[in-house]
Amino acid sequence: MFLTHRIHRFRRLFIYIAAYLIALFILAPFIWVLITSFQNVNNLMSVPTKISFTDLNLSYYKQLFADPRFWSALRNSLVVVLISTFCTTIICSLGGYAIGTLKLRGKTVLLFIILGIILSPGLAFLIPLFMMLRSLRLIDTYLGIALTFLIFQVPIGIWILRGFFNSIPREAFEAAKIDGCSPFGVFLRIGLPLARPGIITVALFSFLDSWNDLLIPLIVAIHKRTMLTVYASTFGGLKQLNYGGATAVAVLSAIPTIFLAILFSKQIIKGLTAGAVKG
Amino acid sequence: MKRLLVFILIVILVLASPLISSAGQQEKPYAGRELVVFCGPDGPPECRRIEPYVRKFEEETGIKVQWVELTFPDLHQKFSTMAAAKSSAVDVIGTWVNFTAEFASAGWLEDITDKIDEGLRKDLSSAINSVTYKGRIYGLPESGDIRLLFYNKRMFKEAGLDLNDPPDTWDEFIEAARLLTKDTDGDGKIDQWGFRSMGCAAGIPAMCDYQLFCYMCGLDSLFDKNDRPLFNSSQGLKALKLYIQLYDEELVDPAMYTVWQYLEEFQRWGAGIAGMAFGWASLYDYATTHEASKVKDDTLVAPMPAINRSASITGSQGFAISKFSKNKDIALELLKCICSAENTKDMLLRTGFLPARKSVYDDSEVKGSKLAMMLAAAAIQEKNYSNRFAAPYGSEIANEVLGLAVIKAIKHEMTPEEALEWAEAKAIEVIAKYK
Amino acid sequence: MGSKIIRNKKMSEQTFGMLLLSPTLIFLLAFVAFPICYSIYLSFQNVILSRPYSDEFVGLQNYINILRNPVFLNSLWKTLYFSVSFLFSVLVIGIIVALVLNHNFWGKSFVVTCLLIPWAIPRVVNGLIWKWIYDGNFGIFNAVLLKIGIIDSYKFWFGESPLVGILLISIAYTWKLMPFVALLFLAALQTMPRSLHEAAKVDGANVWQRFIYVTIPYLRYTLIIVLILQTTLAIKVFDIIAVLTRGGPGDRTMLTYYYVYRLAFDYLNISLASAGGYIIAIFIMILSILYYKLFKGGKD
């Protein structure tokens with residue numbers, strides 16, 4: 001009895017150590033970059049890198065804030081993110097409800113197609129899309145970029161929302177129908193509110209995807225509408241020896257996403273694991 | 001009533017003020033317009049090469065210039081995508097021989113041959129080659145550059161080599177390289193190497209080095225006028241073997257395998273780990289004045305050693321005008337400003353980049369400056385140089401054919417003979433696509 | 001009268017559903033179906049954007065050419081190597097993390113939230129982080145290895161053999177995606193009934209045996225999903241390469257997806273690139289089917 005108690009205590013200690021070690025390893029690279037972004041150039045250029053917590057240097061951030069291209073990249077990212085999140089949420093709510101609750105012919109085929117899009121290599125679409133947008137003169141415009149994002153976000157959004165709508169018990173809908181509600185009314189008054197967590201999840205994913213993506217802005221947003229990720233990626237090329245700037249822009253680009261992740265962690269986790277557990 | 005009159009007067013004044021202020025701007029006919037320029041790396045923040053002249057231009061003309069700095073590969077990709085989309089978002093791009101050939105043959109650059117007057121054209125140095133393709137001019141150069149032999153005074157002394165007689169044959173050169181490669185701090189590891197140059201980190205530097213060796217071996221050109229490969233010959237083979245010999249005997253700075261960017265090349269020389277280098281003339285100023293350079297007092301320059309002959313390659317850079325630009329007139333003004341005699345002389349004295357204008361070489365101030373040694377060596381090489389290889393298929397040949405073959409031969413994945421055979425066959429294939 | 005109402009209801013449900021789906025459908029048609037057809041068409045042509053347009057029909061030539069292209073072929077091997085090392089590390093570490101976190105302890109939600117951070121940040125930022133860590137002159141990776149004594153001087157890691165470079169990229173990618181995998185497994189583990197474990201204990205199984213014969217089979221479904229998703233993500237790796245190495249030095253870390261991108265937007269040979277893109281798509285399809293068959297086969 002005493003022996004198992006000791007094993008049990010040992011096991012709990014082990015779990016604690018392991019869990020916090022994991023957290024440490026996960027956060028360490030980012031914290032390292034955060035610290036670096038405040039160091040003096042001399043510290044960074046010394047071998048091994050010296051770290052000082054008192055002699056802090058804000059110049060990298062100041063340089064960024066003084067760069068008008070940083071601000072335009074930031075503005076473009078915000079605009080595109082807002083447009084695409086808004087559109088994706090609406091389209092996916094409508095579509096997810098339809099596929100998740102209604103009986104439709106061809107539902108499985110559609111789902112299959114959607115799954116295919118999610119798994120396929122985006123580049124296969126982006127190449128012809130570039131040509132199409134080029135003829136429509138939508139390259140380097142907010143509309144063009146947002147449309148491109150929609151292609152990839154709508155399938156995922158529908159997939160997630162389908163699951164949420166599916167899990168709403170039929171009785172809720174039946175009750176509303178009996179009360180004489182029109183089909184659209186059922187959607188508005190019953191479906192949407194009950195699937196609110198799912199809708200928030202889709203909005204979050206859409207936001208994160210638009211903010212984080214590199215390939216699409218690289219191809220579709222050439223210059224006037226460059227986004228923050230593309231701007232940050234240029235630090236990987238040119239200022240190779242100025243890691244201060246690179247780390248500063250890295251921190252700034254990551255802050256909104258970290259903020260959202262912490263704030264909405266429960267919703268995100270639910271959304272991520274939605275399809276993974278077979279009931 | 002009086003108040004109403006005063007109010008009306010104020011309104012009229014306010015409405016008229018734009019007219020008044022713009023009347024004062026009659027001397028700046030282009031004021032308010034904007035230019036977008038994509039350029040290559042312009043140097044560290046403390047010492048920007050071209051940007052100061054651009055800012056001066058802005059002040060003098062009232063034209064606003066958006067100056068976007070990118071690495072050359074990024075520049076290529078960005079401009080390619082933009083030109084493919086026929087976007088007018090960029091007006092001027094930084095260019096060198098290869099890009100000019102590629103972009104001009106694609107029809108993406110504006111032909112300004114007829115917009116340049118005779119006087120200007122005559123005064124431009126060999127650097128004009130950076131913006132010329134098939135005899136037509138598509139922009140203006142901003143600086144010239146040529147490869148020279150750099151050697152380290154201190155290391156030469158330690159190795160017992162004669163400072164006043166730098167290597168001028170291949171045998172002297174490789175002997176010196178061997179003497180200079182050693183372990184200097186006694187820990188058993190070699191930390192000083194005999195030689196460094198552009199290296200084999202990617203296709204373009206590998207091919208550039210290889211071309212230099214080819215020229216030194218007497219092979220004037222990698223391809224003939226009809227784009228047939230000439231490098232699979234005894235001279236080309238000899239060039240490759242000599243180049244590989246340097247790697248095989250481990251006389252080369254190991255960073256040559258991995259880094260290739262202007263600034264990093266400079267930094268390696270500045271770190272004082274190599275005794276000799278085939279460096280660009282622009283390295284001289286960095287090596288002798290930059291605060292991060294540890295070889296400020298030790299850098300000496302000489303013409304290249306000879307194999308069959310002393311040889312060098314020119315690598316100049318310039319700016320070209322995009323065909324889709326909506327501001328070609330003011331773009332040309334900007335280009336002319338950048339390569340004015342005054343500005344190129346200033347650039348030479350400040351940064352050590354060779355001028356785009358011949359007249360600057362004869363300037364007395366220039367001749368008496370600290371760059372005299374470098375200019376003397378450059379003047380000698382200007383008589384025996386080859387233009388850096390350029391063709392529309394240039395990038396592809398560098399990265400996927402010849403440059404790649406050189407890299408493979410260095411790594412012994414192929415023998416030199418095999419590499420050149422393979423490269424010749426592949427080159428013919430690739431070029432056929434461009435016909 | 002009853003059947004008439006039912007019939008109307010059913011029809012209007014179908015129409016209503018289609019109405020709701022119409023934005024999605026229009027969108028998919030215009031921006032998915034049409035581009036796919038267009039790119040298949042492109043892959044049978046010879047369109048290079050830096051040359052005058054030609055609608056020369058070349059049949060399967062692009063597919064043949066790209067499969068003969070040594071850079072492309074090498075990239076397939078490199079992608080394979082990358083995917084295997086990435087999948088291995090992400091699965092093993094992911095399951096371990098999930099097992100550890102499948103207990104209740106003080107601060108559990110803090111640790112779980114920490115997991116989200118690598119997943120949430122932009123992939124570009126991931127690239128910049130690891131670029132700084134792996135830097136050949138000043139990076140902390142070199143510093144740590146030097147201190148431990150594994151190496152004796154700072155190395156330019158990406159200049160070593162391709163295997164080293166790709167492995168390092170794989171580590172960086174694992175850091176970013178492992179949390180996602182761990183969360184998936186954690187969710188699955190949390191629904192696992194204790195009764196299964198109890199029954200096994202009664203049968204005399206120890207921890208390791210319980211893991212192999214009870215936990216893993218239960219996770220089978222999640223495993224398929226994770227494998228399919230992560231394999232797709234491994235093949236589509238792009239941002240990290242764009243920031244860290246750009247496929248270089250030379251073509252050491254030129255993985256397939258990045259190479260197809262270069263073909264399309266640097267060399268502007270969109271026909272060849274389209275062919276390459278479809279070859280990748282075919283690979284993903286085959287793999288997904290394989291995974292599904294493999295695991296379905298053993299399911300009871």
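Scope of the values below: all heavy atoms of this structure, side chains included, with no hydrogens, waters or symmetry mates. Sequence lines set the chain letters: A, B, ... in the order given, protein chains first and strands last, and positions in each chain run from 1.
Looking only at heavy-atom pairs under 4.5 Å with chain C, the residue among A:Pro155, A:Ala232, A:Pro256 that has the most is A:Ala232. In terms of heavy-atom pairs under 4.5 Å with chain C, the best-connected choice from A:Ile258, A:Leu27, A:Leu129, A:Leu147 is A:Leu147. The greatest number of non-hydrogen atom pairs below 4.5 Å with chain A, out of C:Leu99, C:Val32, C:Leu25, is found for C:Val32. Counting heavy-atom pairs under 4.5 Å between each of A:Tyr97, A:Tyr20, A:Phe30 and chain C puts A:Tyr20 at the top. The choice from C:Gly277, C:Ala281, C:Ala143, C:Ser109 that makes the most heavy-atom pairs within less than 4.5 Å of chain A is C:Ala281. Heavy-atom pairs under 4.5 Å with chain C peak, among A:Val154, A:Leu150, A:Leu208, at A:Leu150. Contacts with chain C were tallied for A:Thr148, A:Asp213, A:Ile219, A:Ile117; A:Ile219 has the most, counting heavy-atom pairs under 4.5 Å. Contact count versus chain C (heavy atoms, under 4.5 Å) is highest, among A:Ser120, A:Ala254, A:Pro29, for A:Pro29.
Counting only residues at least two apart or on different chains, the side-chain hydrogen bond (donor to acceptor under 3.5 Å, both in side chains) pairs with a member in residues 230-241 of chain C are C:Arg123-C:Asp239, C:Thr231-C:Tyr291.
Take C:Ala273 and apply the side-chain contact (heavy atoms from CB on, under 4.5 Å) test, not counting sequence neighbours, and it matches A:Ile127, C:Val260, C:Leu263, C:Ala264.
Under the 4.5 Å side-chain criterion, counting only non-hydrogen atoms from C-beta, C:Asn62 is not in contact with C:Ser274. Taking 4.5 Å as the limit, every side-chain heavy atom of A:Leu138 sits out of range of all side-chain heavy atoms of A:Val220. The closest side-chain heavy-atom distance from A:Phe25 to C:Trp175 is not below 4.5 Å.
For A:Tyr243 and A:Trp32, the ring centers are positioned 6.0 Å apart or more. Ring centroids of C:Tyr261 and C:Phe265 are separated by less than 6.0 Å, placing the two rings close together.
Both the backbone and the side chain of C:Leu183 come within contact range of chain A, with heavy atoms under 4.5 Å apart. C:Tyr154 touches chain A through its side chain: at least one heavy atom from C-beta onward sits under 4.5 Å away, while N, CA, C and O do not. Heavy-atom distances place no part of C:Asn102 under 4.5 Å from chain A, backbone and side chain included. Interface residue C:Leu28: only side-chain heavy atoms are found under 4.5 Å from chain A. Of the two parts of C:Trp130, only the side chain, counted from C-beta on, holds a non-hydrogen atom closer than 4.5 Å to a non-hydrogen atom of chain A. When heavy atoms are compared at a cutoff of 4.5 Å, C:Ile96 does not approach chain A at all. Looking at C:Trp132, both its backbone and its side chain come within 4.5 Å of chain A, counting heavy atoms on both sides.
Residue C:Phe105 qualifies as enclosed at atom CZ: its count of foreign heavy atoms under 6.0 Å is above 12.
In this structure, C:Tyr257 and C:Phe238 have perpendicular ring planes: the angle between them is above 60°, well past the 30° mark.
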